[in-house]
Amino acid sequence: MSETTDMITDAATRLFSEQCTPRVLAEAEQGVFPSTLWSGVEDNGIASMLAAEAHGGIAASPGVALAVMRVAGRHAVPLPLAETMVGRWLLSKAGIGAATGPLALVVLRRPDGWKVEGTGTARVLRGTEPAVAWGKASGGVLVVVRDGAGIGVATVDSQRLKVDSRTNIAGEPRDGLTADGVSVRFSPVSAVSLEAVMHMVSLCRAGLICGALQRTLELSVGYACDRVQFGRPLAKFQAIQQQLAELAGAVASATAIANATANVVEGEHGDLMIAAMRARLAGAIDTGTAVSHQVHGAMGFTREYALHYYTRRLWAWRDEYDSAAEWRERLGRAFAGAPADELWSRLARIGVASGTQ
Amino acid sequence: MNLNNFTAVAHDDERLAPLRAEVRRFLAEERAAGAFTRATGWDHWDPEFSRKVGAKGWIGMTWPRRYGGQARSSLERFVVTEELLAAGAPVRAHWMADRQLGPLLLSVGTEQQKDTYLPRIARGEIFFCYGLSEPDSGSDLASIRTAGTKVDGGWAIIGRKVWVGYAHRAHMMNLFARTSPRSDEDRHGGVTQFIVDLKTPGITVRPIVNLAGEHDFNEIVFDDAFVPDDLVIGTVGNGWKQVTGELAHERSGPERWLNTFSLLVHLVDRVAQHPNERDLEKIGRLVSQLWTLRQMSFSIATLLEQGGTPNLEAALIKDLGTLYDQEVPAVARQIVSEEVRAGLSEEDYLGELLDRALYYSPSYTIRGGTKEIIRGVIAKGLGLR
Ligand SMILES: Cc1cc2nc3c(=O)[nH]c(=O)nc-3n(C[C@H](O)[C@H](O)[C@H](O)COP(=O)(O)OP(=O)(O)OC[C@H]3O[C@@H](n4cnc5c(N)ncnc54)[C@H](O)[C@@H]3O)c2cc1C
């Protein structure tokens, strides 16, 4: 397990540090899809890592996925990695097998947005999804919908959709996609719930978030050591040290809860743990973005200096795949619903019931 | 700058699960028998309860058997401790000796000291307080002036300590005193630790009433109090170095984030009776912080068990934990307005817990190293100083 982690994270580190250059990041924001980088992702087995071996993957554990995504987050990789990894995992679960190319992921969980009409395997897609990550650049959009007691998936070619190109505040594609009665092939997926899909994609995003937070800390510490004011490096000022300590606390807590969640995400209490993780990540993002900018002064407020690639992504990711507020409320409701005297035993039980390793 | 050491997952294996169940059974029985309530709190001095905990083998439980311990692991101690604290059981009487003095004696104490004190500490018969702070020395502990002067067969102590928790109830003190003058080359040298019997002639203990109106800390005057040579802990002049090994234990435990747990329980209950989105979200936020802290502490207990000294990680836990403990009463006050609080019935522990948590909240980021000092430790770990 840890050998696989090391191998694939080493490969990811090499790939991203070589190829995720400032230029690639800047061009991606101009709408250029980084195809060479994508090929590297495929060649290193990253995009399919969650899929079964029969479907071209390595059936990686959530913990391994988290570790790889942390590397990607540290390099602000401008690709739909979480979406493709989770999409291929689902297709593999559905027995459909290997897809090629980047995937967009639409988890239908609100009354507005797309509707999947009809029954059986031939269905019709109708409506508008306002913000689909890499909706246009991905060859296929994987729709996940509740179906009876379980879920089903369908892949649509984005060329069959009307596209309204948009971006999130990080400049990542978040396209509006409209379907006017597009026929799709529907496949039921057993043993995966809609919530489980949200959990897995939240976990992959958590890896990205932890990596980006780690990078804001590294940049901030580096900058504080280099920049001299009043005849001393900023790092020597206690006010700066205290702020960076707070930033380190944010990074450490995000990393701790994400690591713990990866181990139980597929277990009995995965839902609560994911909600707790999303809530805590939001707090860490608030601290991390504020402190790293403060320490950088005006330099961090430029497009030239790299900090914004991380902080803008963190701002966006905080509230994608449901907002932090929704996750907090969900967690609060789960605990308020049970006898208060059980609060402790529920908190302390999580690792017990589902401890995987 | 690797902050990815928090990797262990809180998880009860075959060793921990039955132990946790046993502690819970014990606590349920004690609570049913009226030994304590949810409103009591762990920071409450109760010798009788400490003796019961000692009889269960849960004081000094990681120490060798020959000194009255149970030779159990840090993780087992972690489980017992968090269960006792979460229940609000009154464990303060044996706390300092269990957490700090015992491990210190095990690492630097004499055979005679270990034989004399450890078994009695483990039985919950003898309680210690810690005398470090002085009127002119708080964060800057190296500046202490309470002095030990060599006399025939021992040391004569003259000086003054302040803020010493439960000195009026404890039997003994771990005293930090200067035994040679402070030098610029070695600011931290020349400090010696002593075991002091508080009944020694020449010692006066005076109460200092705290903000909550309670008497837990004290001023202690040493007016030529005699301490025999065999009660020097470790090496003369080496007191400062001797404590640094214990810092990870002192800072990373659940006592840094479980001070307000009973309040949270009652707050959740209150919100459940009148649920609305806004308050549920607040509860979710607090629970997510608590959960994260528990994962972090558990990870560090695991590292300690493997023999590591995760000082940076421990300081991070203290910083985040104490801030969380301050946030709980602050959030509670948003949910329970002053008028609602005044109207709560006396049987409702919520009011009492809220008052106490709020009163004590300023102390969390002061005691055991202030927030600023702890962040200085973290900054050092980041390579900034
Ligand atoms: C409830 C409670 C129980 C206690 N129990 C004990 C006990 O049992 N035994 C014992 O010996 N002591 C005890 N203490 C004392 C405690 O250890 C000290 O209060 C603590 O070390 C801080 O010292 P101080 O209060 O003198 O504050 P100071 O050191 O005077 O600090 C005041 C403020 O200045 C800041 N400050 C100080 N130095 C610096 C610096 N270099 N850089 C930046 N900021 C700085 C501090 O962070 C703080 O905000 C207790 C305190 C409390 C509140």
Side-chain angles (χ1 to χ4, degrees), chain A residues 70 210 214 217-218 221 224-225 235-236 238 240-242 244-246 248-249 251-257 259-260 262-264 272-273 275-280 282-283 325 327-341 343-345 347-352 354-357, chain B residues 1 3-13 17 20 24 82-83 86-87 261 264-266 268-269 271-272 275 277 279-296 298-299 312-313 315-316 319-320 323 371-372 374-385:
Chain A
R70 190 155 48 224
C210 290
Q214 168 76 23
L217 176 65
E218 290 167 11
V221 168
C225 290
K236 297 297 160 204
Q238 200 187 37
I240 296 288
Q241 293 173 357
Q242 299 269 312
L244 291 176
E246 196 186 354
V251 177
S253 65
T255 308
I257 191 76
N259 284 342
N263 279 281
V264 300
L272 296 183
M273 205 65 186
M277 180 191 78
R278 289 292 309 265
R280 183 77 279 273
W327 286 106
R328 281 197 298 260
E329 190 201 327
R330 237 165 254 167
L331 186 64
R333 205 176 284 282
F335 279 98
D341 244 11
L343 181 59
W344 177 254
S345 56
L347 279 170
R349 192 168 54 210
I350 301 306
V352 186
S354 49
T356 41
Q357 34 234 235
Chain B
M1 210 187 317
L3 298 178
N4 198 19
N5 271 336
F6 298 99
T7 48
V9 180
H11 159 56
D12 284 2
D13 56 18
R20 189 185 297 282
R24 287 194 182 162
E82 70 168 358
E83 288 295 329
F261 185 72
L264 180 66
V265 168
H266 285 262
V268 169
D269 225 7
V271 171
E277 258 173 49
D279 291 346
L280 287 167
E281 227 200 287
K282 293 192 170 107
I283 296 295
R285 185 181 147 87
L286 292 177
V287 169
S288 76
Q289 285 166 282
L290 175 64
W291 217 335
T292 306
L293 285 160
R294 177 164 186 270
Q295 294 294 344
M296 296 177 90
F298 191 99
S299 275
L312 168 63
E313 286 82 357
L316 286 164
D319 189 36
L320 293 163
L323 288 174
K371 177 171 76 189
E372 289 71 25
I374 292 293
R375 288 188 172 177
V377 173
I378 298 170
K380 193 169 250 165
L382 294 175
L384 301 171
R385 0 184 348 217

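Side chains are part of it too, since the values below use all heavy atoms of this structure and drop only hydrogens, waters and symmetry mates. Residue numbering restarts at 1 for every chain, and letters A, B, ... go by the order of the sequence lines. This structure is a prediction, so every number in the text was calculated from the model and none was measured.
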### Query
Highest number of heavy-atom pairs under 4.5 Å with chain B: which of A/Pro339, A/Ala325, A/Cys225?
A/Ala325
### Summary
Scored by heavy-atom pairs under 4.5 Å with chain B, the best of A/Arg330, A/Glu246, A/Gln241 is A/Gln241
Just wondering, do [Y] and [X] contact through their side chains at under 4.5 Å, heavy atoms?
X	Y	answer
B/Leu264	A/Phe335	no
A/Arg280	B/Trp291	no
A/Asn263	B/His11	no

### Query
Of all heavy-atom pairs between A/Ala245 and B/Ala379, which one has the smallest distance, and what is that distance?
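Scanning both residues, the minimum pair turns out to be CB-N, 4.5 Å.
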With rounding to the nearest 0.5 angstrom, report the [atom1] to [atom2] distance, [X] to [Y].
X	Y	atom1	atom2	value
A/Gln242	B/Ile378	CD	CD1	8.5 Å
B/Leu382	A/Leu217	CG	CG	6.0 Å
A/Arg333	B/Ile283	CZ	CD1	12.5 Å
B/Leu384	A/Lys236	CG	NZ	7.0 Å
A/Thr255	B/Met296	OG1	CE	8.0 Å
A/Leu331	B/Arg285	CG	CZ	12.5 Å

Examine whether an atom of [X] lies under 4.5 Å from a heavy atom of chain A, and if so say whether it belongs to the side chain, the backbone or both; otherwise answer neither.
X	value
B/Leu290	side chain
B/Phe298	neither
B/Glu313	neither
B/Ser299	neither

### Residue part contacting chain B, namely of A/Arg278, when any heavy atom lies under 4.5 Å
neither
### Query
With distance as the sole test, does A/Asn259 use its side chain to make a donor-acceptor pair with the main-chain N or O of B/Asn4 at under 3.5 Å?
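Not at all, since once roles are kept as given, no pair shorter than 3.5 Å links the two residues.
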If you count heavy-atom pairs under 4.5 Å between each of [options] and chain A, which one has the most?
options	result
B/Asp269, B/Asp279, B/Leu323	B/Asp269
B/Val271, B/Val287, B/Val377	B/Val287
B/Leu280, B/Leu316, B/Leu293	B/Leu280

### Task
Give a yes or no on this: more than 12 heavy atoms of other residues, nucleotides or ligands lie within 6.0 Å of atom CD of B/Glu277.
no
